[in-house]
Number of protein chains: 2
Amino acid sequence: MMNSDMELRHLRYFTAVAEALNFTKAAARLKIAQPALSRQVQDLEDEIGVDLLKRSPRGVTLTAEGKLFLEEARDTLKRVEDAVLKVRALARGEYGELQIGYAPSPSLELLPPALSAFRAAAPSVKVVLHDLAGDELTSGLHDGSLELAVMIQPSLESGAGLEFEELRRYPFYVAMPAGHPLSKLKTVTVERLAEEALVAFRRLDYSEYYRILDSIYPPPGPRPRIAVECDGVSSLITEIEIGKGVGLVSEIFQRAAGKRLVYRRLSNCQEFHRVGIARSIKGDVTPAGERFCEILRKVSKSGTSKSARPGSV
Amino acid sequence: MMNSDMELRHLRYFTAVAEALNFTKAAARLKIAQPALSRQVQDLEDEIGVDLLKRSPRGVTLTAEGKLFLEEARDTLKRVEDAVLKVRALARGEYGELQIGYAPSPSLELLPPALSAFRAAAPSVKVVLHDLAGDELTSGLHDGSLELAVMIQPSLESGAGLEFEELRRYPFYVAMPAGHPLSKLKTVTVERLAEEALVAFRRLDYSEYYRILDSIYPPPGPRPRIAVECDGVSSLITEIEIGKGVGLVSEIFQRAAGKRLVYRRLSNCQEFHRVGIARSIKGDVTPAGERFCEILRKVSKSGTSKSARPGSV
DNA sequence: GCGCAGCCATGCTTTTAAAGCATGATGAAC
DNA sequence: GTTCATCATGCTTTAAAAGCATGGCTGCGC
């Protein structure tokens, strides 16, 4: 109520007068007539109830109150200007916060180059990365705590309400310890693998693994026996290393896992490890998120990988 | 140019809509018609060039940009309001900074109670105290680094351009070590003191001391021999203690110095140690400074001291 | 499925207030 | 004392915000 008709105009005008220390010159700079300026500044002083300027026939001087108010007015004006710039930057995808989930090994080829390109394109966006297991990613996308995720295509159930955009596909390999019988073969057939014991991921955290398994080995038929379920990549490697069984992994896994294991191509398999962008169908897509996706697509196309791309099956 | 006709009104209106999530209700709360509100918010969005709200026939929702701008708008409005309050507080003497100089012993009775009363009356004023020698006070007042000082009445030369308001006057005493011949007398006459060696202050820093000396002992006549000049109270006490001479000090000095010395009243002396407020004649007197002076006067009147007050000579 | 209610936008008018113009008052400098 | 620059005041013009009436959209309930 008390200052309800103070406007930024008053601050702009007062600031101009305080800088010029002269109404006439300030009015010229503002491109308005001097009496209009005088009146607006008077209105401001009336509103505050304090004299901000001492008028004299040779110009004006600031009172102590005027000095204080000048600082505040400048600060406020700058703040408003910055607010507008921020909002515009946000709209252009160059400001804000971006919550990105990712599955570490599958995103190995895509995320690091995309992050560095994005950092160059939008340095004011704060990217928050979340290294999560498959189903933690889908739930994060659903509840909105993640805006997008770079991950393996989710299973139908957990992927409901999400859209998935495939960027890369990788053929499957069988991982085994050095000296394993299968290592004598050049490639392993689906049927041959069905006879092996399998070191798998935990169903709870990696339902997409079971989607793939179901797809390669449709339920009633024979499939590898699951010897143990692991909660992550490193335990998977260890379990295979100590001979609990073989692993069914994608090409990209090899690069992530290093040389502790031996790999053989799963030869007659039409299924691929599909890696791409997952997003909630109805979630707000921020411009920053959109921009990040564009960069991911570009990185994916221009990538130096030898692996097949979506179109080249 | 780009946001030169954005006004606080736009921020107020947008904030109201963002809070009500409904133009109609927000308009009612603002006591304006709904179309006026719609148009102002539209103007704001046009100005920024970004959609802040998503309209639907059942209300509005904030876009991500809208959320960001809402925070900024609230912040700006609060800032403006605070600025006005600060300026008003400054005008009332309840805000700002107050540079006060003081001479430690003479202000002993006045300053501590005044400071605590002022602190209670104007807690937001930052009081900066400067413990300085006599002539440092006067120069500080002249150059504007001090707004006021509680001190002994300055000499004519150094006090030019300053106004002095006497608050208290104290009779003079002769300070001497225990066992000094003068200590056998009940009081010391001016003539008797003229025969003694005097431990004085440095002329450079304490010209008012010499003003007083000249007043008690007008120049051509006899006066105490100055044995040594000291740069402060503690060295004065020490020099007297070790027998270099006696000191000419005021009643208030005793309380500051404690019981290391013995004091005898200077009996037939019309001169007093005058303590009060010194200010620059043309300097800006801030309301806080004015207020502090009022409190000083009140403290001085209501003080419990046994010393004479200005009127009661 | 259709009408109704709630909500927001648009077109036009009215009202408010800012801007402009002419002039007057003031005090410092010459 | 005159002059000049500077700010204030009175009145008019202009611009913009507010108001009013209305129309269109959409979701909900009958």
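In this text the structure is predicted, and so the values were computed from the model without any measurement. Just so we're on the same page: letters track the sequence lines, and every chain starts at 1.
Here the nucleotide nearest the side chain of A:Ser38, chosen from D:dC7, D:dG19, C:dA19, is D:dC7. The A:Ala33 side chain lies nearest to C:dG20 when the options are C:dG20, C:dA9, C:dA18.
The shortest side-chain heavy-atom distance between A:Arg279 and A:Cys293 falls under the 4.5 Å cut-off.
In this entry the distance linking CD of A:Gln42 with P of C:dA18 reads 13 Å, nearest Å. Regarding B:Arg9, its CZ atom lies at a distance of 12 Å from the C1' atom of D:dA15, rounded to whole Å. Rounded to whole Å, atom P of C:dG20 lies 10 Å from atom CG of A:Leu30. The distance between atom CG of A:Asp51 and atom C1' of D:dA8, rounded to the nearest whole Å, is 14 Å. Between the CG atom of B:Leu37 and the C1' atom of D:dA18 there is a distance of 11 Å, rounded to whole Å. What separates CD of A:Gln40 from C1' of D:dA15 is a distance of 13 Å, to the nearest Å. Distance NZ (B:Lys31) to P (C:dT16): 17 Å, rounded to an integer number of Å. Atom OH of A:Tyr13 is separated from atom P of D:dA8 by 16 Å (rounded to the nearest Å).
With sequence neighbours excluded, the residues satisfying salt bridge (charged side-chain N to carboxylate O under 4.0 Å, His left out) with B:Glu165 are B:Arg297.
Put simply, the side chain of A:Thr63 gets close to the backbone of A:Gly66: a donor and an acceptor are under 3.5 Å apart.
For A:Ala91 against B:Glu65, the heavy-atom pair with the smallest separation is CA-OE2, 3.4 Å. Closest non-hydrogen pair, A:Arg168 versus A:Val299, comes out as NH2-O, 3.8 Å. For the pair A:Met6 and B:Val84, the tightest heavy-atom approach, listed with the atom from each and the gap, is CE-CG2, 3.5 Å.
The phosphate of D:dC25 has neither OP1 nor OP2 within less than 4.0 Å of any side-chain N or O from B:Ser56. For C:dC8, the OP1/OP2 oxygens have a side-chain nitrogen or oxygen of B:Asn22 closer than 4.0 Å.
Toward the 5′ end of DNA chain C lies the nearest nucleotide of B:Lys25, the other residue of the pair B:Arg39 and B:Lys25 mapping further downstream.
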Discussion item. Base contacts versus sugar-phosphate-only contacts with protein, heavy atoms under 4.0 Å: please encode nucleotides 23-30 of chain C as B, S and - from 5' to 3'.
Written reply: ---BSSS-

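At a threshold of 4.0 angstrom between heavy atoms, the contacts of B:Lys54 with the nucleic acid are absent.
Ion pairing between A:Glu7 and B:Arg12 holds under the 4.0 Å rule for side-chain N and carboxylate O.
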